[in-house]
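Single-structure report; data block below.
Excluded from the calculations below are hydrogen atoms, water molecules and symmetry mates; all remaining heavy atoms, backbone and side chain alike, are included. All ligand and atom numbering here is 1-based and tracks the order in the structure.
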Amino acid sequence: MRYDVAVIGAGPAGSFAAEKLSSLGHKTIIIDPCYKKKACAGILTAQYAREYKIDDAYVERELKGIRLSFRDIRAEITYRKAVEYSIDREAFDSFNLNEAINAGAGLKKDIALSLEENDSSVAIRTTKEQIDADYAIVASGVSDLSRLCGGAKKYAYCVQQKKNEEPDDYFEMNLMHGGYSWSAPKKNHVLTGTSSLNGYPDIPGEKGLIPLEPAEKTFSNRFLLAGDAAGFVSPFEGEGIFYARRSGEIAAEVLSGAISGNNALASFEKRWKKEFDFSTLAMLARFLSNDMVLEAFVREIRDNERFRYWLDAFFSPLGFTVVTLL
Ligand SMILES: Cc1cc2nc3c(=O)[nH]c(=O)nc-3n(C[C@H](O)[C@H](O)[C@H](O)COP(=O)(O)OP(=O)(O)OC[C@H]3O[C@@H](n4cnc5c(N)ncnc54)[C@H](O)[C@@H]3O)c2cc1C
């Protein structure tokens, strides 16, 4: 069977791309082994919650705010108009995959080993067969296949642990030189993680990689890269689910246009660059990677009323307000 589009990977990038393609009437197949548990804090940000409907099927907690700390200085940012959610990541991924299947996409529980393209099609070799399609979306996250297809190459290294601690409704970020640690409250436990730019922190737990910058080129003649495969993660705080979903949707729209002969795959890059401002976020992340700046930032949130006013104005379009002294 020949497909219009083969989507490799059923994380948020792949599932939402496949759902959109199927709902636009394109014959779509998803390839994913469907067994891998992912390291993820599982926070759906205010940006995600503003844009998309949230389903109770995967929500563990509605969050009240963020606690920030640097050394012994602590500050708190509470939400005003915004809502953020702590989710069960496995339930979220299977919910989204089911939605794609309900919209008409097929699923092959298999691993893609290679992708070859020519002028009119792609051929994907899996452990069991060859899958032919007019186009492909590479949404295989941080993986060998994504790298083989020219995906993101620079990463932060994370280790995550489950702690049997009493959760509350705040996401905690402990900023430190060259990385940060975080705690995400779940229904009955807390997930903690530590990230570093210099290899995996030497602690036991589940390992995961976070791309640091977009791939040099995110389109080819016959395929597009979406989500982590393309390096679409905010370098400011590691948010990737929103960018995965949105880039999957943009990729689906661009391929739908290409199938009807209306646009070239290069327009994908123009579209995501218009929506995602990774360079400003990277600048902010670089700025905050300096110890003195970090210390001043958290201290000022805690102590300086004018700075809180300023931050409030800065954050209010996003729905946050900076309020608490600890
Ligand atoms: C420790 C950690 C914490 C994080 N916390 C957050 C957070 O709180 N909030 C947030 O927004 N983001 C967070 N992120 C980032 C977020 O997890 C990713 O950005 C997001 O999962 C990217 O989605 P994706 O669909 O691109 O890739 P993924 O979700 O990684 O999905 C890729 C899919 O491709 C499949 N696959 C891989 N190789 C192949 C192959 N060869 N053939 C077929 N299928 C294949 C995999 O099985 C997988 O299902 C975190 C990341 C880490 C590492």
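Taken together through direct or relayed side-chain contacts under 4.5 Å among Ile, Leu, Val, Met, Phe, Trp and Tyr, F242 and I250 form part of one hydrophobic cluster.
Annotation: side-chain hydrogen bond (donor to acceptor under 3.5 Å, both in side chains) contacts of K64 (sequence neighbours excluded): D169. D32 meets the side-chain hydrogen bond (donor to acceptor under 3.5 Å, both in side chains) test with no other residue; sequence neighbours excluded. Take Y85 and apply the side-chain hydrogen bond (donor to acceptor under 3.5 Å, both in side chains) test, not counting sequence neighbours, and it matches no residue.
Counting only N and O atoms by type, the side chains of S15 and N96 include no donor and acceptor under 3.5 Å apart. There is a side-chain donor-acceptor pair under 3.5 Å between Q130 and D132.
Near ligand 1, I8, G9, A10, G11, P12, A13, I31, D32, P33, K38, A39, C40, A41, G42, I43, R89, D110, I111, A112, A139, S140, G141, S143, L145, C158, Q160, G208, L209, I210, G227, D228, V233, G238, E239, G240, I241, A244 each place a heavy atom less than 4.0 angstrom from the ligand.
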